[in-house]
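Reviewing the structure listed below.
All values below were derived from every heavy atom in this structure, side-chain atoms included, with hydrogens, water molecules and symmetry-related copies excluded. Residue numbers begin at 1 in each chain, while the letters A, B, ... track the order of the sequences. All of these numbers come straight from a predicted model, not from anything done at the bench.
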Amino acid sequence: MANEGRDAYAPAEVEEKWQRLWEERGTNTYTREALEGAPDPFYNLMMFPYPSAEGLHVGNIYAFTGADVHGRYQRMRGHTVFEPIGFDAFGIHSENFALKRGIHPMDLIPSNVRNFTRQLRRTGGMFDWRHTVDTTDPAYYRWTQWVFLQLFEAGLAERKEAPVNWCPSCKTVLANEQVIAGACERCGTPVEQRRIAQWFFKITRYAQRLLDNLATLDWSDSTRKAQENWIGRSDGAELRFPVLDADGDETGTHIDVFTTRPDTIFGATYMVLSPEHPLVDDVTEEGHRKGVFAYREEAARKDLVARQKTDKTKTGVFTGGYCRNPATGEAIPIWIADYVLMEYGTGAIMAVPGHDERDFEFATAFELPIVRVVAGAGDSAGTPLTEAYAGDGTLVNSGEFDGLPWQEGKRRITEWLEGRGLGEARVNYRLHDWCISRQRYWGPPIPIVHCPTCGPVAVPESELPVVLPRVEDFKPDDSGVSPMARVEEWYRTTCPRCGGEARRETDVSDTFLDSGWYFLRYPSTDFDDRPFDRGLTTRWLPVTTYIGGNEHAVLHLMYARFLTMVLHDLGHLPFEEPFTVFRAHGLITHDGAKMSKSRGNVVIPDPIIEEFGADTFRLYLMFLGPFEEGGDYRDEGIQGPYGFLHRLWDTALTCGDGAPEASVERKVHRTIKQVTEQVATLQYNTAVAALMECLNAVRAGGRQVARAEIEPLVALVAPFAPHIAEELWERMGNEGSIFDGARWPAYDDAKTVDDTVKVAVQVNGKLRGTVDVAPGSPEAAVVAAARAEENVSRHLEGVTVRKVVFVKDRLVNFVVS
RNA sequence: GCCGGGGUGGCGGAAUGGUAGACGCGGCGGCCUCAAAAGCCGCUGUCCUCACGGGCAUGCGGGUUCGACUCCCGCCCCCGGCACCA
């Protein structure tokens, strides 16, 4: 193709030009007035990144591009699309990196943010840089602290003791990820647990609502399911086991257990308390005190991670105490064992070794009695148990309840015990309250003052933010509390209530609190006197579409939902669910393997963008696999999209003004239809394939291309490759940005239908030929044509046709003997 | 163990129960070019056949159906998440 006098596609030039123009013209940014008056708002949210020192990685770009394609598409359909981005810059990653490199996070983060901003601009995202947030900016975390106070004042924040990982050598608190195989990641010393007072948000109060609302959300199934499991509702009963003294008389205290199988209570042959259970001392007999004490110490010495390791053999000790099984009336021994967790249920269980795998293992190890109380098909009351039986069956050895199906037994036994004041039906959740305290430096201070007379007092709203001071020595030390606890001039203050001497809370809050409400802030960043403006919030929220990774399926998304619900209940928000639609994108691998630094197969975006351009990179990322499932990045694969954009460029700039050819026009209309449907549902890989196929058809045989044949393709490719689309759009003589004025092409249904269709002809289900017929041809005509087909007729020779299957415009199948 | 998602050419991946392998990469052969970049043409699952054709092919084993990558039953393997949750 002769092309002297016309410049070749030079991505770098085109991309720099349009990034500059977008910025100059404010193409993607909104003023406060524009946001307030938006006629058709579409809030397109993506998960804001943590600005690491390494820069954006391919995973970030993959996620952002997928979301940006969606936003650009919605904009071309005429919506006012608000697409903000920000930085989730507090937290342990920055702090650890800063410690390692000896750079203060207050210096490190701004330079990381600058670098991320530069990279994000280069990728061609439609970001509104007027409305960005940085969680480490006091102007932002002032409102994070405000959110804390809302919960505090509503009685949803409470301070209680909870275990943390403790390194006895570094004398510091460790996050779970800093514990490697039970040892401190820095010094290798075995980690212990310690109990310290921490702040919790009472998310468990919202467990049922968080669960119920899931059904109303248009979210990826995998994400919804993950939330459901995380909340972990189980229906059962709380039962009371009276404690007995040495003479076998009731002492008046009792142990409550939670069980999902009250029907098996006749098989409860012993009781197990968690080592931390408050009644352990009460029930322990003199002779057993030493053993119980030693066991409890040992359990405490284990770190929180190791404590939860499964497939370890069961350990435990007998306390010497007994309680009464309220069903059988018999005395059963009370043990303590670390397989019972204080965090779940009541911290105590009735052990039914016949029908619970863990109890069976424990009973076998310590030679405790095992009784069958459920008989499966073919079993009787006396059938011995060689393993725990957890299947279906009817009750046996259960007194008056013998013979009942277990489900019915569950109900009846609960009622029976309830009638005797020995228990009641109960629902229990796996979800725990949200611990937001971090004994760290790099986070927003929790806005509380501890007063010796008034207790914990909220910092008045007018005094927010409680600014995190610049402290050069922020390394955790042997004090065991936050580094802020040694900055006396900071923590010494007066009580806001009584004016007496007091001390600031020195812990900072969890980063999930920063990210738990950031989407509320974006539209309102023009306001510094309120976290989010009522009018803007009503117009723009809830978020229309949120696209992000499933790694945040439970924590981030659950906390954001919880905070939204609370703020709704407190009258601050008119909705209780923040994200109407959520879509989880897949993971991207490189040459079939997960990317990781240690493998050395991390794809670095910058050199790729330099060589091929952001448009090609974006197009390739969206093409290499289904967006919601992820895909495999292969370095050579980028050549396909690269060549495609080159051909698109050449074709668009050499097209003529003639009328479109009918068959090509049909292809174009079919493509518009397909791309429209598939981009809307995030099926980007097949939409891109359709664009390639269409361009091939348009260019077939080096034919002269008509403008009407190629111009729609320029618009269809725009969400994926915005810079080249703008440039071609302009060079084809159009005014203004292709993203302004709802330029998404329309298709004519009548023009998506071909004038002939290929019908497959089978004999006994095997393809023997095809025939071309007019669409909608009747059976008789198609069958006749099929019989006439040479190869088909040969296969029909000498056999009897028993049946003819006809599917209009698709196939004919001759069933022969 | 539980909950998701998968298993299709050399590779990434397409296929409302109806022509398996679209689109792309890679490979092979050719064109254009001083050269490179970009571009263009043809072939490319596998086996048999000079060819026309035909056989075999969607992790494994069964089933339903005129017809199964697709639906049903039973396995195996891979990826992600949760995990002593009573």
Contact letters for nucleotides 4-11 of chain B, in which S counts primed atoms plus P, OP1 and OP2 and B counts the base, heavy atoms under 4.0 Å: S------B
Report, as yes or no, whether the 6.0 Å neighbourhood of atom CG on A:Leu211 holds more than 12 heavy atoms from other residues, nucleotides or ligands. yes
Measure from CG on A:Asn685 to P on B:A22 and round the result to the nearest Å. 15 Å
I want to check one thing: is the phosphate of B:C40, taken as OP1 and OP2, less than 4.0 Å away from some side-chain N or O of A:Arg699? yes
Do the ring planes of A:Tyr9 and A:Trp649 sit parallel (below 30°), tilted (30 to 60°) or perpendicular (above 60°)? tilted
Under 4.0 Å between a side-chain nitrogen and a carboxylate oxygen: does that hold for A:Arg583 and A:Asp218? yes
Report the distance from atom CG of A:Asn550 to atom P of B:C79, rounded to the nearest whole Å. 18 Å
Are A:Met558 and A:Gln227 side-chain neighbours, meaning at least one heavy-atom pair lies under 4.5 Å? yes
Flag the pair A:Tyr684 / A:Phe623 as yes when their ring centroid distance falls below 6.0 Å, and as no otherwise. no
Between the protein and nucleotides 54-56 of chain B, list every N/O to N/O distance that falls short of 3.5 Å.
from	atom 1	to	atom 2	distance (Å)
B:G54	OP1	A:Arg768	NH1	3.3
B:G54	OP1	A:Asn791	ND2	3.1
B:G54	OP1	A:His795	NE2	3.3
B:G55	OP1	A:Arg768	NH2	3.2
B:G55	OP2	A:Arg768	NH1	3.2

Syn if the chi torsion is within 90° of 0, anti otherwise; quick check, which is B:G45? anti
Given B:A14, B:G18, B:G39, the nucleotide with the shortest approach to the side chain of A:Arg647: B:G39
A:Tyr295 versus A:Asp338: any side-chain heavy-atom pair under 4.5 Å? yes
Are A:Asp221 and A:Arg224 ion-paired here, with the side-chain N under 4.0 Å from a carboxylate O? yes
Of all the nucleotides listed (B:U19, B:A14, B:A86), which has the minimum atom distance to the side chain of A:Pro626? B:A14
Considering only side-chain heavy atoms of A:Thr259, which listed nucleotide, B:G80, B:U19, B:A86, is closest? B:A86
Is the phosphate of B:A38, meaning OP1 or OP2, less than 4.0 Å from a side-chain N or O of A:Gln639? yes
CD (A:Gln704) with more than 12 external heavy atoms under 6.0 Å: yes
Within less than 4.0 Å of OP1 or OP2 of B:U65, is there a side-chain N or O belonging to A:Asn813? no
Between A:Glu693 and A:Lys667, does at least one N-O distance fall below 4.0 Å, as a salt bridge requires? yes
Nearest of B:G13, B:C3, B:G24 to any side-chain atom of A:Pro641? B:G24
5' priority, RNA chain B, between A:Lys758 and A:Phe258 [closest heavy atom]: A:Lys758
Any idea which of B:C82, B:A86, B:A15 is nearest the A:Arg430 side chain? B:C82
